[in-house]
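For reference, the structure is listed below as structure tokens.
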Protein chains: 2
Amino acid sequence: MRWEPGSRSRLQEAALALYGERGFENTTVAEIAERAGVTERTFFRHFTDKREVLFWGAGALQELLVDAVAGAPDSAAPIDAVAAALAAAAALFEQRREGSMLRQDIITANTELRERELIKLAALASGLADALRRRGVEDPAASLTGEAAIAVFKVAFERWVDTTNRLTLTQLIRDSFDELKAVTAATSPPAH
Amino acid sequence: MRWEPGSRSRLQEAALALYGERGFENTTVAEIAERAGVTERTFFRHFTDKREVLFWGAGALQELLVDAVAGAPDSAAPIDAVAAALAAAAALFEQRREGSMLRQDIITANTELRERELIKLAALASGLADALRRRGVEDPAASLTGEAAIAVFKVAFERWVDTTNRLTLTQLIRDSFDELKAVTAATSPPAH
DNA sequence: TGGCCGATGTCAGTTGCTGACATCACCATA
DNA sequence: TATGGTGATGTCAGCAACTGACATCGGCCA
């Protein structure tokens with residue numbers, strides 16, 4: 001074989017390590033490539049972006065969520081379908097708590113990376129909304145349910161990586177869902 | 001005077017025009033600067049970024065929202081406080097429907113700009129959450145209410161710029177709030 | 001065996017963005 | 001009125017992200 005196989009995963013590992021050591025901004029694509037034993041050009045053939053290398057798993061996550069919504073029982077209300085999807089996703093993260101935290105530290109430390117994270121989350125939200133529409137949910141409801149689910153996930157995930165917290169992500173997601181329900185239900189002066 | 005004053009707003013106008021004409025990616029900062037009668041370097045003194053020039057108003061919007069939450073009556077529930085804030089913001093957009101739509105078309109046409117928009121919205125969400133905490137709202141509730149408000153705003157705004165829609169933004173926001181309440185309340189199998 | 005294909009390398013070029021330093025109208029104050 | 005400081009701009013050099021075009025060559029299929 002002319003080259004070592006798996007250059008993509010080597011690039012991912014190299015990038016994660018370097019971003020962790022010296023930070024995202026102080027890392028050069030050339031350095032990542034060198035560490036992975038390839039050329040800078042090869043990096044950009046595998047990842048559109050210097051940022052994208054950290055978000056390779058997003059596609060699989062989206063698939064998982066969409067499938068979970070599609071597979072929810074017909075009797076399940078939209079909010080319950082997305083709740084089930086988030087529960088499935090949570091299990092995936094729980095398996096790699098350490099890795100998730102390291103990665104998240106890198107992301108939250110840099111604005112550009114947070115931007116990229118947000119657009120991935122937005123894609124998840126609209127993926128969920130699509131899946132709900134396929135179940136016959138009408139449009140304003142579908143979009144809002146998707147957005148609400150992602151909001152819950154964001155808040156729960158943030159609490160989860162906060163090390164002072166000993167709760168499981170699954171539990172935190174459940175709590176956040178309940179809290180969202182409570183908060184949207186409570187209204188002192190009549191709404192309109 | 002040595003230079004024409006208002007170079008910042010000239011840069012904004014030039015950028016908006018050029019982004020609209022030939023698209024964001026096909027526009028060079030040098031071109032914007034030339035059109036505004038300044039140097040490329042001056043552009044970057046006013047805006048950190050090629051993107052940021054489109055988001056100059058975000059600060060004012062954030063201030064408006066935060067003030068509205070702070071100014072809501074003590075009796076108002078969190079969800080009602082943020083609803084009032086969004087209503088105030090809506091009025092601001094209604095005044096410039098044309099401009100808002102033009103700007104939004106530019107943003108939605110480009111991924112980098114959508115990323116920037118999302119991080120601005122995220123900042124609004126956490127600004128709202130902060131304002132709620134200052135009113136004594138506890139933390140998971142505060143964050144979730146902020147996120148929920150932004151979710152409502154996103155969905156409502158998207159529908160508003162959709163020209164087939166004749167409804168007012170204020171009305172769409174109210175509807176979206178109601179829809180969110182309905183969606184979070186509906187749950188067929190007991191949640192847990 | 002020959003030829004196509006896919007992954008990589010090489011190289012030149014554009015553009016976003018930054019740091020360092022110069023300029024010069026304007027303003028305050030002696 | 002002279003003097004010196006300040007703020008907004010210009011000039012210039014340079015790095016790093018990203019792209020397009022073309023070359024290379026091992027492996028696989030006909």
Side-chain angles (χ1 to χ4, degrees), chain A residues 1-56 106-107 109-120, chain B residues 1-56 106-107 109-120:
Chain A
M1 208 164 304
R2 201 165 158 207
W3 298 280
E4 288 301 312
S7 56
R8 165 172 288 133
S9 44
R10 259 180 297 139
L11 282 166
Q12 289 181 90
E13 288 161 24
L16 192 68
L18 289 172
Y19 292 170
E21 289 169 18
R22 41 181 105 163
F24 175 78
E25 291 184 347
N26 299 323
T27 303
T28 248
V29 173
E31 291 167 345
I32 300 171
E34 186 186 12
R35 178 129 160 188
V38 295
T39 309
E40 197 181 340
R41 192 66 181 87
T42 294
F43 178 96
F44 288 110
R45 286 208 181 88
H46 286 286
F47 309 101
T48 59
D49 232 50
K50 189 187 171 188
R51 289 170 262 171
E52 196 66 15
V53 65
L54 279 182
F55 297 89
W56 193 245
I106 294 173
I107 291 172
N110 181 275
T111 307
E112 295 181 59
L113 290 174
R114 297 211 300 120
E115 287 187 343
R116 180 56 50 87
E117 184 185 35
L118 288 172
I119 208 172
K120 296 293 183 186
Chain B
M1 208 166 308
R2 199 163 158 209
W3 297 282
E4 288 302 312
S7 57
R8 165 172 288 134
S9 44
R10 260 180 297 139
L11 282 166
Q12 290 182 90
E13 288 161 23
L16 192 68
L18 289 172
Y19 292 170
E21 288 169 17
R22 42 181 105 162
F24 176 77
E25 291 184 346
N26 299 324
T27 303
T28 250
V29 174
E31 291 167 346
I32 301 171
E34 186 186 13
R35 178 128 157 190
V38 295
T39 309
E40 197 180 342
R41 192 68 181 86
T42 295
F43 179 96
F44 288 108
R45 286 210 180 87
H46 286 286
F47 309 101
T48 59
D49 228 58
K50 189 186 169 189
R51 290 170 260 170
E52 195 66 16
V53 64
L54 279 182
F55 296 89
W56 194 244
I106 294 172
I107 291 173
N110 181 275
T111 306
E112 295 181 58
L113 291 174
R114 297 210 300 120
E115 287 186 341
R116 181 55 50 86
E117 185 185 34
L118 287 172
I119 208 172
K120 295 295 184 186

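No experiment lies behind these values; they were computed from the predicted model shown. Keep in mind that the numbers below use all heavy atoms, side chains included, and drop hydrogens, waters and symmetry copies. In the text below, chain A, chain B and the rest are named by the order of the sequence lines, each starting its count at 1.
Side-chain contact between B/H46 and B/T42 is present, with heavy atoms from C-beta onward closer than 4.5 Å.
Looking at the side chain of A/T39, the nearest of the listed nucleotides C/dT10, D/dG10, D/dC18 is C/dT10.
Annotation for A/Y19 and A/I32: closest pair OH-CD1, 3.5 Å, computed over non-hydrogen atoms. Across every non-hydrogen atom of B/D49 and B/F43, the tightest pair is O-CE2, 3.3 Å. Taking every heavy atom of both residues into account, B/L18 and B/T27 meet most closely at O-OG1, 3.5 Å.
Separating the CZ atom of B/F44 from the P atom of C/dA20 is a distance of 18 Å, rounded to the nearest angstrom. Distance, A/E25 CD to C/dG19 P: 11 Å, rounded to whole Å. Rounding to whole angstrom units, CD of residue B/E40 and P of C/dT18 are separated by 11 Å. Following rounding to the nearest Å, B/L18 (CG) and C/dG16 (C1') show an atom-to-atom distance of 16 Å. Following rounding to the nearest Å, B/N26 (CG) and C/dG16 (C1') show an atom-to-atom distance of 15 Å. Whole-Å rounding puts the B/F43 CZ to D/dA8 C1' distance at 17 Å. For A/L11 and D/dC18, the CG to P distance is 14 Å, given to the nearest whole Å. D/dA17 atom P lies 16 Å from atom CD of A/E52, rounded to whole Å.
A sub-4.0 Å separation between OP1 or OP2 of C/dT8 and a side-chain N or O of A/S7 is present. At C/dA7, none of the side-chain N or O atoms of A/H46 fall inside 4.0 Å of OP1 or OP2 (strictly under the cut-off).
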Do A/K50 and A/E112 pass the side chain to side chain contact (heavy atoms under 4.5 Å, CB included) test, and can you show the C-alpha distance, the side-chain angles, and the key distance before you say yes or no? CA-CA 10 Å; A/K50 189 187 171 188; A/E112 295 181 59; over 6 Å; no
CA sep, side-chain torsions, deciding dist, call: A/I107, A/F55, side chain to side chain contact (heavy atoms under 4.5 Å, CB included): CA-CA 10 Å; A/I107 291 172; A/F55 297 89; 3.8 Å; yes
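Both B/T48 and A/G37 lie near DNA chain C, and the one whose nearest nucleotide falls closer to the 5' end is A/G37. Across the interface with DNA chain D, nearest-nucleotide mapping of A/F24 and B/R8 shows B/R8 to be the residue nearer the 5′ end.
In this structure, B/T42 reaches the sugar-phosphate backbone alone: every heavy-atom distance under 4.0 Å involves primed, P, OP1 or OP2 atoms, never a base. Among the protein residues, B/T28 comes within range of the sugar-phosphate backbone only, with heavy atoms under 4.0 Å from sugar or phosphate atoms but none that close to a base.
At a cut-off of 3.5 angstrom, counting only N and O atoms as typed in the model, there is no donor on one side facing an acceptor on the other between the side-chain of B/R51 and the base of C/dG16. The base of D/dG7 is not paired with the side chain of B/R45 by any donor and acceptor separated by under 3.5 Å.
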Tabulate protein N/O versus nucleotide N/O from nucleotides 26-28 of chain D, keeping only pairs under 3.5 Å, one per line.
from   : atom 1 : to   : atom 2 : distance (Å)
D/dG27 : OP1    : A/M1 : N      : 2.8

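In this structure a side-chain-to-backbone donor-acceptor pair under 3.5 Å is missing from B/R51 to B/L113.
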